[in-house]
Amino acid sequence: MHQDAIIIGGGFAGLSAAYILGRARRHVTVIDSGTPRNRFAAHAHGVLAMDGLSGGEILTRARDQLAAYPTVTLLSGEADSAAGAIDNFSIRLSSGSRLSARRLLLASGVEDRLPEIPGLKERWGKSVLHCPYCHGYEIGGGPIGVLASHPMSAHQAAVVADWGDVTLFTNGTPDPEEETLNLLERRNVTLQAGKVDAVGDAPDGRLFVRLETGKTLDVKALFVGPDLQIRGTIVHDLGCALEESPAGRIIATSPAKATSIAGVYAAGDIARAFGNITLSSADGVVAALGLHQSLMFEAPQP
Ligand SMILES: Cc1cc2nc3c(=O)[nH]c(=O)nc-3n(C[C@H](O)[C@H](O)[C@H](O)COP(=O)(O)OP(=O)(O)OC[C@H]3O[C@@H](n4cnc5c(N)ncnc54)[C@H](O)[C@@H]3O)c2cc1C
């Protein structure tokens with residue numbers, strides 16, 4: 001069946017959009033491969049009325065509620081490639097099957113690339129974190145590390161200092177400029193020079209950060225600024241314009257979350273610089289409104 005819309009990605013942005021479109025009685029299929037960005041964390045925070053639920057639990061609730069909307073189809077699978085133009089897009093899934101729709105919504109999120117330091121990946125979302133607003137409260141103060149990995153790391157250290165006593169591991173990056181050093185001093189951030197060569201478990205649930213010199217420091221959590229990568233090749237298949245953000249490349253969108261390609265919308269982390277569950281959900285709503293109104297008010301192409 002030729003759908004009104006296909007949503008690629010059934011995370012917070014994609015399901016929010018499906019909810020709005022389903023309530024507008026539009027035929028929409030959500031394709032989801034089941035790997036939301038925060039799957040590494042046992043609990044999610046900063047989401048009103050959902051404090052401490054896991055991301056997976058919030059998404060399960062959303063899917064259960066969406067099941068009541070007869071025009072919404074939730075499909076488990078991976079969208080492989082996209083082709084076509086407004087009013088006639090087609091999506092091929094990795095299973096080989098194809099779907100077509102008048103509009104597309106890209107909500108497939110991003111992938112976090114961490115620095116290649118032994119011990120980091122295994123602790124991602126547990127004691128290695130990126131967002132103090134999501135997980136800073138649970139640390140409960142005390143020693144916290146920030147690993148310099150990109151130009152915003154000093155700023156991240158100055159912010160995280162509101163949650164504990166921060167050491168910024170410069171990790172071989174250039175020394176901060178004087179203005180930044182002054183900021184770090186005002187925020188009581190200690191600088192630790194030298195390359196980090198490993199992190200691992202220390203007593204009392206802490207984490208050790210080991211420098212190449214052999215020196216180790218124990219912290220309760222280590223913050224890192226990951227490099228964000230758009231997942232898959234569909235954005236490139238379609239030719240959507242991208243823009244640089246401090247955290248990596250994202251899809252450029254209008255205030256209604258339309259991309260540079262007519263009929264293609266984008267929402268969530270894939271189309272905003274600093275995302276979280278609430279902001280991605282809100283993006284999904286904005287994109288769904290824009291997409292729905294384009295179905296109503298833009299004359300179908302011959
Ligand atoms: C470790 C960690 C902890 C976090 N904790 C919090 C927190 O406590 N509170 C908070 O507000 N935010 C938190 N965040 C941020 C939050 O996870 C993201 O902002 C949010 O998940 C973005 O939602 P999204 O819908 O854009 O993308 P996602 O939630 O990542 O969903 C994208 C979906 O698209 C699917 N997908 C990808 N490619 C395809 C494809 N080709 N075909 C089909 N499906 C595809 C994926 O499987 C996934 O299910 C955390 C992030 C991380 C990394």
Side-chain angles (χ1 to χ4, degrees), residues 6-19 29-60 62-63 74-82 91-95 97 99 104-114 120-138 221-238 247 250-251 253 257 265-287:
I6 294 172
I7 299 175
I8 301 177
F12 304 94
L15 293 184
S16 294
Y19 178 41
T29 294
V30 183
I31 307 169
D32 185 53
S33 56
T35 53
R37 186 178 165 206
N38 61 345
R39 63 191 179 281
F40 303 95
H43 305 281
H45 299 281
V47 188
L48 193 66
M50 302 279 176
D51 196 32
L53 292 187
S54 70
E57 216 169 332
I58 299 171
L59 291 172
T60 300
R63 280 193 296 268
L74 302 179
L75 203 65
S76 209
E78 177 132 16
D80 236 11
S81 61
I91 296 293
R92 201 191 63 199
L93 279 80
S94 53
S95 62
S97 60
L99 294 174
L104 289 183
L105 172 51
L106 307 178
S108 44
V110 292
E111 198 176 291
D112 294 282
R113 298 261 168 93
L114 298 172
L120 220 53
K121 277 186 193 138
E122 302 89 300
R123 292 169 180 81
W124 179 233
K126 296 162 188 79
S127 50
V128 177
L129 303 162
H130 78 299
C131 169
Y133 296 99
C134 302
H135 304 288
Y137 183 90
E138 282 64 36
L222 182 68
F223 282 81
V224 184
D227 185 24
L228 302 186
Q229 300 284 325
I230 289 175
R231 303 172 71 173
T233 58
I234 286 183
V235 173
H236 309 285
D237 293 348
L238 293 165
I250 54 172
I251 301 178
T253 51
K257 304 306 289 178
Y265 291 75
D269 283 0
I270 198 172
R272 67 159 46 246
F274 295 104
N276 67 19
I277 292 174
T278 308
L279 295 170
S280 294
S281 304
D283 263 3
V285 172
V286 174

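All ligand and atom numbering here is 1-based and tracks the order in the structure.
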So is [X] in contact with ligand 1, going by heavy-atom distances below 4.0 Å?
X: Gly34; value: yes
X: Arg39; value: no
X: Cys131; value: no
X: Ile270; value: no
X: Gly77; value: yes

If you compare all heavy atoms of Ala247 against all heavy atoms of Phe274, which two are closest, and at what distance to 0.1 Å?
CB-CE2, 4.2 Å
Closest heavy-atom pair and its distance - Gly11, Asp32
N-OD1, 4.2 Å
What are the atoms of ligand 1, with element, lying closer than 4.0 Å to any heavy atom of [X]?
X: Asp112; result: 53 (C)
X: Ala13; result: 25 (O)
X: Asn276; result: 10 (C), 11 (O), 12 (N), 19 (O)
X: Gly125; result: 1 (C)
X: Gly275; result: 19 (O)
X: Gly268; result: 26 (O)
X: Arg231; result: 37 (C), 46 (C)

Which residue supplies the protein heavy atom nearest to atom 34 (O) of ligand 1, what is that atom called, and how far is it?
Gly9 CA, 3.2 Å
In the protein, which heavy atom is nearest to atom 26 (O) of ligand 1, and how far is it?
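Going by distance alone, atom 26 (O) of ligand 1 is nearest to Asp269 N, 2.9 Å.
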Gap between atom CD1 of Ile31 and atom CD1 of Ile91 - 0.5 Å precision:
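Spacing of CD1 (Ile91) from CD1 (Ile31) equals 6.0 Å.
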How long is the span from the CG atom in Asp269 to the CD atom in Glu111, to the nearest 0.5 Å?
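The CD atom of Glu111 is 12.5 Å from CG of Asp269, to the nearest 0.5 Å.
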Ignoring hydrogens and angles, state whether a donor on the side chain of Ser33 or Arg231 is under 3.5 Å from an acceptor on the partner side chain.
no
[X], portion touching ligand 1 at heavy-atom distance under 4.0 Å:
X: Ala107; result: backbone
X: Arg37; result: both
X: Ser280; result: side chain

Please verify the inter-ring angle class for His130 with Trp124; under 30° counts as parallel, over 60° as perpendicular, anything in between as tilted.
tilted
Give the single entry among Leu279, Asn38, Asp283 that approaches atom 2 (C) of ligand 1 most closely by any heavy atom.
Asn38
May I ask which of Ala79, Ala271, Cys134, Pro226 has a heavy atom nearer to atom 40 (C) of ligand 1 than the others do?
Ala79
Is the shortest N/O to N/O distance between Thr278 and ligand 1 below 3.5 Å?
no
